[in-house]
Amino acid sequence: MSARELRFDINLSILFTELPLLERPAAAAEAGFTEIELWWPFAGPTPADAELDALARAVRDAGVALVGLNFDAGDMPAGDRGLLSRPAESARFRANIDVATGFAASLGCRALNALYGNREEGVDPRAQDELALENLVSAAVAAERVGAIVLIEALNTPENPRYPIVTAADALAVVDKVNAETGLGNTAFLADFYHLARNGEAPAGVIDAHADRFGHVQIADTPGRGQPGTGELDFEDLFRRLVTAGYTGRVGLEYRPVGAAADSFGWLAHESRGNRGGAG
């Protein structure tokens, strides 16, 4: 697969999870990566300064850069997929905004992913959408203060049946609403090829139609969410389309490795180490 003009980073919330969090940045560096991303890695929205400092130190000591971070999305293993549209969790999301943007800024991270949140029984979807817009506007304003963008991601329905943003069109509609409300233009689409494909939406078509709206890309093969080459997606074609479309952002590796994480990068072996987060 030729991807010499793309820049890859590694998501340490799904790769190298056999290691403690603070050891994963060094593992990423040992594997040849210079850039990483993370889901919100703390148990609550406002961790103690000591926790934030320890993670920041681990990132800096490893010599890697944090290029993507999720806002607090709740208890992901228990099924949470974001807080910002859920009335009972809105305060938690708001408490996290300044912490997440501040932590991102301290490490030079310029992209923050805001998961929308599941639909809740007994709550009017329109009310959830109004709350989501309000909270996303607050997030975008805070991100603007540190020179960052906010990302909106579509998830797949088979694994996330109550999540309402499931297509590129859904995500882009939210992006447009937030940008119209703020006038900042700093909200963009996170194109996760795995989720799109699991929903039956061809990533190739999404690239061709919307690559200029991408703020970030994430990849895993389908249907098993393993590394490229373990499933059905034609990554050589997808990478070529990204390059042809002029995409210059990162491509985040957000897959569950088939085998040991350190052994899952063979599909990138022919690429220069610089492409693993470098200038490409």
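For the numbers below, each heavy atom of this structure counts, side chains included, while hydrogens, waters and symmetry mates do not.
- Not one N or O on the side chain of Asp221 forms a donor-acceptor pair closer than 3.5 Å with the backbone of Gly226.
- The cluster map of Ile, Leu, Val, Met, Phe, Trp and Tyr, joined by side-chain heavy atoms under 4.5 Å apart, puts Trp40 and Ile14 in the same cluster.
- Between Ile152 and Lys177 the shortest side-chain heavy-atom distance does not fall below 4.5 Å.
- Shown here are the ring pair (Phe, Tyr, Trp, His ring centres under 6.0 Å) partners of Phe103, two or more places apart in sequence or in another chain: there are none.
- In this structure, Val99 and Phe42 have side chains that are not in contact, with every pair of non-hydrogen atoms separated by 4.5 Å or more.
- Interatomic distance, Thr222 OG1 to His195 NE2, rounded to the nearest 0.5 Å: 12.0 Å.
- Side-chain contact between Pro47 and Leu55 is absent, with no heavy-atom pair separated by less than 4.5 Å.
- No donor-acceptor pair under 3.5 Å is formed between the side chain of Asn160 and the backbone N or O of Tyr163.
- A side-chain donor-acceptor contact under 3.5 Å links Arg24 to the backbone of Leu12.
- Of the inter-residue distances, the one linking Leu69 atom CG with Cys109 atom SG reads 5.5 Å to the nearest 0.5 angstrom.
- Between atom OG1 of residue Thr157 and atom CZ of residue Arg198 there is a gap of 10.0 Å, rounded to the nearest 0.5 Å.
- Under 3.5 Å, the side chains of Asn118 and Arg86 contain no donor-acceptor pair of N or O atoms.
- Not less than 6.0 angstrom separates the ring centroid of Phe193 from the ring centroid of Phe239.
- A search for side-chain hydrogen bond (donor to acceptor under 3.5 Å, both in side chains) contacts involving Asn199 returns nothing, not counting sequence neighbours.
- The backbone N or O of Arg119 lies less than 3.5 Å from a partner atom in the side chain of Arg162, making a donor-acceptor pair.
- Using a 4.5 Å heavy-atom threshold, the side chains of Arg94 and Glu134 count as touching.
- Side-chain contact between Asn11 and Tyr255 is absent, with no heavy-atom pair separated by less than 4.5 Å.
- Of the possible donor and acceptor atoms, none in the side chain of Asp170 sits under 3.5 Å from a partner among the backbone N and O of Ile165.
- Side-chain atoms of Ser264 never come within 3.5 Å of backbone atoms of Pro257 as a donor-acceptor pair (strictly under, hydrogens ignored).
- When every heavy atom of Leu15 is checked against every heavy atom of Ala261, the shortest pair comes out as CD2-CB, 4.0 Å.
- Considering only residues two or more places apart in sequence or on other chains, Arg92 meets the side-chain hydrogen bond (donor to acceptor under 3.5 Å, both in side chains) condition with Asp72.
- For the residue pair Asp80 and Asp75, the shortest heavy atom distance occurs at OD2-N, 2.7 Å.
- Residues Phe214 and Leu242 are in side-chain contact: their nearest non-hydrogen atoms beyond the backbone lie under 4.5 Å apart.
- Tyr116 meets the ring pair (Phe, Tyr, Trp, His ring centres under 6.0 Å) test with no other residue; sequence neighbours excluded.
- The minimum heavy-atom distance between Ala245 and Ala211, with the atom names listed, is CB-CB, 3.6 Å.
- Arg213 is listed as a side-chain neighbour of Asp176, based on a closest heavy-atom distance under 4.5 Å.
- Closest non-hydrogen pair, Ala209 versus Asp212, comes out as O-OD1, 4.2 Å.
- Taking both residues in full, the closest heavy atoms of Gln227 and Arg256 are given as OE1-O, 4.1 Å, listed atom of the first, atom of the second, then distance.
- Distance CG/Leu268 to CG/Leu253: 6.5 Å, rounded to 0.5 Å.
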Acceptor/donor pairs from residues 58-67 side chains to any protein atom, 3.5 angstrom cut, sequence neighbours excluded:
from	atom 1	to	atom 2	distance (Å)
Arg60	NH2	Ser106	O	2.9

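- Residues Pro87 and Glu120 form a side-chain contact, since some pair of their non-hydrogen atoms from C-beta on lies under 4.5 Å apart.
- Between the side chain of Asn179 and the main chain of Thr187, a donor-acceptor pair closer than 3.5 Å is present.
- Scanning all heavy atoms of the two residues, the minimum distance from Asn186 to Ala140 falls at ND2-O, 3.0 Å.
- Scored by the ring pair (Phe, Tyr, Trp, His ring centres under 6.0 Å) test, Tyr194 finds no partners at all (sequence neighbours excluded).
- Panel note: side chain Asn70, backbone Trp39; no donor-acceptor pair is recorded below 3.5 Å.
- By the 4.0 Å N-to-carboxylate-O rule, Asp98 lies close enough to Arg145 to be salt-bridged with it.
- Between atom OH of residue Tyr247 and atom CZ of residue Arg7 there is a gap of 8.5 Å, rounded to the nearest 0.5 Å.
- Classification of Arg241 and Asp237 as a salt-bridged pair holds, one side-chain N sitting under 4.0 Å from a carboxylate O.
- Taken from CG in Leu38 to CD1 in Ile10, the straight-line distance is 10.5 Å, to the nearest 0.5 Å.
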